[in-house]
Amino acid sequence: MCGIIGIASNKAVSSNIINSLKKLEYRGYDSAGLATLNKNEIDEKKCSGRVDQLEKMLFKNPSNGSIGIGHVRWATHGIPNVTNAHPHSTEIVSVVHNGIIENSDNLKKKLESKGIKFKSQTDTEVITLLITEQLKERQPLESVCNTLKQLKGSFALGIIFKNFKDIIIGARRGSPLAVGYSNNENYLGSDSYALKSMTNKISYLDDGDLCVLSKDKVEFYDLNKNKINKKIHILTNDQNVANKGDYKNFMSKEIFEQATTAKNCINEYTDSLKKDINIYNFPILPSNIKKITLIGCGTAYHSCLVARYWFEELTTIDVEIDIASEFRYRKLKFDTNNLYIFVSQSGETADTAAALDICNKNNMKTCSVVNSVESTIARNSNWVLPIHAGPEIGVASTKAFLGQMIVLFILCLKLAKVRKDIDHSTFKMNLSNLEKLPEAIEKSLKVENSIQLMAKEFLDAKGSMFLGRGLSFPIALEGALKLKELSYLHAEGYPAGEMKHGPLALIEEGLPVIVIAPKDKYFEKTLSNMQEVIARGGKILFITDHKKELINENIRFGIRMPSIGNLLSPIVLTIPLQLLAYHVALLKDCDIDKPRNLAKSVTVE
Ligand code: AGP
């Protein structure tokens, strides 16, 4: 999950490269670097840490070239230090790379056997040295094509050449890469988000494509140097391009704009006058759908887990869920009446994209639930259901998770209706609850002060447990994930009914246990699981939407949430858990928007 930018211009490019790298930092922030062609020399500058560090270097020692490449890194091979930072250059070529070269060790051995020396521990340097070898006898495009044919694994590349000072070559296999067009200036970037402040004209490379980009021309080729054409997309003018406004960080903004996110998403898909759902162009006739498989990673997978309960409850469709990195290696039985739904905020997650490719190769009908309709996963699906959440910058997903759940619920409700799996009154009741959701979310956000008090209970704890049953079980997993990724504290989400099968051994005096118990068919059972924890000294933080007076001396904190009907309770009950993780991370002075070791879009396996 690294970020790449390349700019060929008629003026100095370093400040635009820096600005683009700042937009790309959500893809990785272990190190940053750039290389420009300056008086026919490759001028490489790089540092460990954030783009701000690189910017300070440039203030002291400017780069003046009118063609250059830049990179922000999420380390895969080699520790995040300046030696391993990209670009990786020799005297005649400089390379930035996003992806993993799986046969880099073998290639490195071959190069070293020829006496070639390496400076870094990265797989990327292998690419640089292979191209350098090729350039001794060939032109840049042929040198790059010959090099790429030796590589196994994934790459998005940006490459500049000392002796060919007006071109940048880009290449893509498995990691996203886009081209942007402007006047006397053209761009290469990992995604349109990095380019949209400079242009709204974008082409996307597909796997196996290369581009040769200069300030006034862009040409596309396949790996055999045959010219190909690529469509130019005109990007939507996204008014709410991410900015923090008055918020301290993106995550708090994204948590507190969830009522608006819900409203926008619901409005996109429902007709409040006709009291219906505007989803029509199903890739499979709804009555023919035998099975739905929902696939995602991390938080997106949790939205799949929630949706499984909805499909089971409201439709007669068989539903399966899977983690994308597992799905892609299974021995799968395909059926043309199966609909495969891929959930991904970024639309670039490598495992999810690979799982989608497998379904496409087997001619399955695919649907993607994404936040970026320009993304790889969206472009490779038969059918796209955007979540309309606007750019989500905080690495920990909040409003996108909410949008994913809302879209999946709306899809489920529509399918249940058109297949006549539910009667009209059930449809109307659920649609009415959905229309009340934004208000319930707005009310839910008001528990922040209570949550801030709860947060203190975690600082010295050895770990914590999040428990729930039914629709609350995926929310327990999501709450634990949020706490882990934001505060770096151990936390485990578990089905409440499973505690007695082992994890109860973890319970000891004072251990925080968050019990998520909406007023549903599991409520009494969850209370008895909670008693098992109390009996062993666990400190209960109880989250419910039940009106009944439940708070007693054994419950350290009780948070009462707005009731929105059983099926939509997971969406409301997620909010206190997002706030909890946020406030624990604040107390621990963690980086809220860029937690350590993570990146927003996991574009490598
Ligand atoms: C969410 O808080 C995490 N940062 C992570 O689990 C994320 O949900 C996962 O990497 C999937 O990303 P995607 O939705 O962009 O595919």
Side-chain angles (χ1 to χ4, degrees), residues 1 3 25-29 74 175-176 190-191 193 249-252 254-255 258 294-307 321-328 341-357 367-381 384-387 389-408 466 474-475 477-488 491 493 574-575 577-582 585 590-605:
M1 306 73 85
E25 261 195 320
Y26 75 96
R27 300 176 69 93
Y29 32 86
W74 182 81
S175 294
S190 290
D191 56 32
Y193 181 63
N249 46 56
F250 280 108
M251 186 178 174
S252 54
E254 289 152 7
I255 288 177
Q258 289 185 108
L294 297 142
I295 297 148
C297 299
T299 290
Y301 171 67
H302 295 158
S303 71
C304 298
L305 275 166
V306 174
I321 53 163
D322 214 338
I323 293 170
S325 55
E326 292 298 311
F327 178 87
R328 64 183 291 189
I341 300 177
F342 297 86
V343 182
S344 174
Q345 188 282 134
S346 61
E348 299 297 348
T349 298
D351 286 318
T352 312
L356 170 60
D357 279 352
C367 165
S368 58
V369 175
V370 293
N371 199 20
S372 165
V373 294
E374 298 130 5
S375 64
T376 300
I377 289 170
R379 285 184 287 113
N380 292 343
S381 307
V384 181
L385 296 176
I387 65 172
E392 182 179 72
I393 306 304
V395 166
S397 186
T398 49
K399 65 173 185 174
F401 178 53
L402 179 107
Q404 289 160 358
M405 288 192 285
I406 290 172
V407 169
L408 289 169
F466 289 70
I475 303 310
L477 293 177
E478 175 61 13
L481 175 63
K482 284 281 137 337
L483 190 63
K484 280 184 275 217
E485 62 178 333
L486 284 159
S487 68
Y488 319 147
T574 302
I575 288 173
L577 304 183
Q578 294 169 345
L579 290 167
L580 178 64
Y582 174 76
C590 295
D591 187 321
I592 298 291
D593 287 338
K594 299 189 182 81
R596 71 182 182 193
N597 306 343
L598 301 180
K600 183 64 180 172
S601 178
V602 182
T603 57
V604 292
E605 271 203 65

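Ligands are counted one by one from 1 in listed order, and the atoms in each one are counted from 1 as well. Note that the structure is a prediction, hence the values are computed from the model and not measured.
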Checklist line | Per atom 2 (O) of ligand 1, closest listed option by heavy atom (Q404, E485, E392) | finding: E485
Identify, for [atom], the protein heavy atom at the shortest distance, and state residue, atom and that distance.
atom	answer
atom 14 (O) of ligand 1	Q345 N, 2.7 Å
atom 4 (N) of ligand 1	V395 O, 2.9 Å
atom 15 (O) of ligand 1	S346 OG, 2.7 Å
atom 10 (O) of ligand 1	V602 CG2, 3.8 Å
atom 13 (P) of ligand 1	T349 OG1, 3.3 Å
atom 7 (C) of ligand 1	T299 N, 4.1 Å

Notebook entry, point to check: Under the salt bridge (Lys or Arg N to Asp or Glu O under 4.0 Å) test, which residues partner K594, sequence neighbours left out?
Noted result: E25
Notebook entry, point to check: Judged by non-hydrogen atoms, does C297 sit under 4.0 Å from ligand 1?
Noted result: yes
Okay, side chain of [X], backbone of [Y]: is any donor-acceptor separation there less than 3.5 Å?
X	Y	value
K484	A491	yes
D593	F250	yes
Y488	R596	yes
E348	P176	no
E254	I393	yes
E392	K399	yes
Q404	S303	no

Which ligand 1 atoms, with their elements, are less than 4.0 angstrom from a heavy-atom of [X]?
X	result
A396	2 (O)
A300	8 (O), 14 (O)
S397	1 (C), 2 (O)

Notebook entry, point to check: For S368, what residues pass the side-chain contact (heavy atoms from CB on, under 4.5 Å) criterion, not counting sequence neighbours?
Noted result: V370, I377, A378, S381, V384
Counting both backbone and side chain atoms, is some N or O of [X] under 3.5 Å from an N or O of ligand 1?
X	value
K482	yes
T352	no
L481	no

